[in-house]
Amino acid sequence: MPNRRWGRADFERPTLEVCRALMGQRLVSLTEPGRRLAGRIVEAEAYIGQEDLGCHARSGRTPRNQVMWGPPGHAYVYFTYGKHWMLNLVTEADGFPAAVLLRALQPEEGLESMGKRRAGRPPSQWADGPAKLCQALGLDGNWNGHDLCRAESRLFVEFGPVIPEADVTWGPRVGLNSVPEPWKSIPWRSRIVPARQAEQEGGHGHARR
DNA sequence: AGCACGATTAACT
DNA sequence: GTTAATCGTGCTC
């Protein structure tokens with residue numbers, strides 16, 4: 001019996017609530033025939049609307065950020081720094097631009113494939129960053145706009161354990177160096193307490209940052 | 001058409 | 001701790 005997948009209503013909620021609820025959930029990719037690539041989400045950030053000056057939607061609707069303005073439950077994948085892809089999951093109602101950036105996964109399934117894509121590095125460094133997790137899973141711009149809620153979707157979120165409140169910490173979002181306050185420091189990054197990550201995963205591997 | 005810079009990473013001192 | 005890499009995007013001229 002496969003685990004239940006996140007549906008439209010799970011994404012169509014306040015972004016901070018989704019960011020919190022994603023902790024401990026499993027991101028799954030079925031792009032490789034007969035194989036599951038999956039990892040537990042252990043870190044994420046909320047980007048909420050035009051007023052959030054750290055959010056791409058600050059400059060209005062553009063070709064790049066248009067997916068964020070669309071219906072929830074879709075992937076917003078963008079390119080930055082000339083070489084990196086980032087995966088966001090669109091939240092809130094259709095028409096309101098918001099999303100959660102997935103920042104770190106704890107690799108769980110398809111380790112051989114992830115190891116190939118992240119060759120030469122230890123498992124702890126396969127998906128401990130927003131661009132690294134995209135590389136580990138082979139995600140790029142082709143996934144922009146992908147609907148995670150369709151039954152036949154090859155990319156989706158699976159329900160995992162509920163992480164206790166005591167095991168989740170919040171802090172400022174990373175990399176918003178020239179963004180004005182309060183947006184630069186507002187604590188919209190959620191994380192599972194590192195010491196608890198290995199424990200909940202059942203004894204395999206470690207994800208650090 | 002030109003320009004400054006980025007929701008980062010890896011390498012280096 | 002600091003910095004180069006690298007190019008698409010959005011803004012200005």
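A note on names: the letters A, B, ... follow the listed sequences, proteins ahead of strands, and every chain is numbered from 1.
- When all heavy atoms are compared, the tightest approach of Glu92(A) to Ala98(A) is CG-CB, 4.0 Å.
- No more than 12 heavy atoms of other residues, nucleotides or ligands shown are found within 6.0 angstrom of CZ on Arg150(A).
- Taking the six-membered ring for Trp and the full ring otherwise, the centers of His56(A) and Tyr47(A) sit at least 6.0 Å from each other.
- To the nearest angstrom, P of dA11(B) lies 10 Å from CD of Gln125(A).
- The phosphate of dA7(B) has neither OP1 nor OP2 within less than 4.0 Å of any side-chain N or O from Arg189(A).
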Legend entry - Secondary-structure string, 5' to 3', Watson-Crick or G-U under 3.5 Å, | for another-strand partners, for DNA chain B: ||||||.|||||.

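- In this model, no donor atom of one side chain and acceptor atom of the other lie less than 3.5 Å apart for Arg40(A) and Gln25(A).
- Leu87(A) places its CG atom 16 Å from the P atom of dA7(B), with the value rounded to the nearest Å.
- Among the heavy atoms of the strands lying under 4.0 Å from Asn88(A) is at least one base atom, whether or not backbone atoms are also near.
- Between Lys132(A) and the phosphate of dA10(B), there is a side-chain N or O to OP1/OP2 separation shorter than 4.0 Å.
- Distance noted for atom C1' between dA7(B) and dG1(C): 22 Å (whole Å).
- Between Arg118(A) and dA10(B) there is a side-chain N or O to OP1 or OP2 distance below 4.0 Å.
- Summarising the geometry, the separation between CZ on Arg64(A) and C1' on dC11(C) is reported as 13 Å, rounded to the nearest angstrom.
- The NZ-C1' distance, from Lys83(A) to dC5(B), rounds to 16 Å in whole Å.
- Inspection of the Ser29(A) and Arg154(A) side chains reveals no N or O donor paired with an N or O acceptor under 3.5 Å.
- Rounded to a whole Å, the CZ atom of Phe79(A) is 16 Å from the C1' atom of dG10(C).
- Note: OH (Tyr47(A)) to P (dG6(B)) measures 12 Å, nearest angstrom.
- At the heavy-atom level, Gly175(A) lies under 4.0 Å from the strands shown only through sugar-phosphate atoms.
- Here the side chain of Pro63(A) is nearest to one of dT8(B), dA10(B), dG10(C), namely dG10(C).
- For the OP1/OP2 pair of dA10(B) and a distance below 4.0 Å, the side-chain nitrogens and oxygens of Arg121(A) include at least one atom meeting the criterion.
- Checking dG10(C), dA7(B), dT8(B) against the side-chain heavy atoms of Thr62(A) singles out dG10(C) as nearest.
- Look at CD on Gln135(A): it is 19 Å from P on dA5(C), rounded to the nearest Å.
- Going from the P atom of dT6(C) to that of dG2(B) covers 22 Å, rounded to whole Å.
- Spacing between atom CG of Leu176(A) and atom P of dT8(B) amounts to 7 Å, rounded to whole angstrom units.
- One finds a side-chain N or O of Ser178(A) lying less than 4.0 angstrom from the OP1 or OP2 phosphate oxygen of dG6(B).
- Here the closest non-hydrogen pair linking Trp126(A) and Arg118(A) is O-NE, 3.2 Å.
- Side-chain N/O atoms of Thr80(A) include none lying less than 4.0 angstrom from OP1 or OP2 on dT8(B).
- A ring-centre distance under 6.0 Å is not found for Trp6(A) and Phe156(A).
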Inset, instruction - Carefully, step by step, assess Thr91(A) and Leu89(A) under the rule side chain to side chain contact (heavy atoms under 4.5 Å, CB included). - result: CA-CA 6 Å; Thr91(A) 59; Leu89(A) 307 182; 5.5 Å; no

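- No contact: Arg173(A) has no heavy atom under 4.0 Å from any strand.
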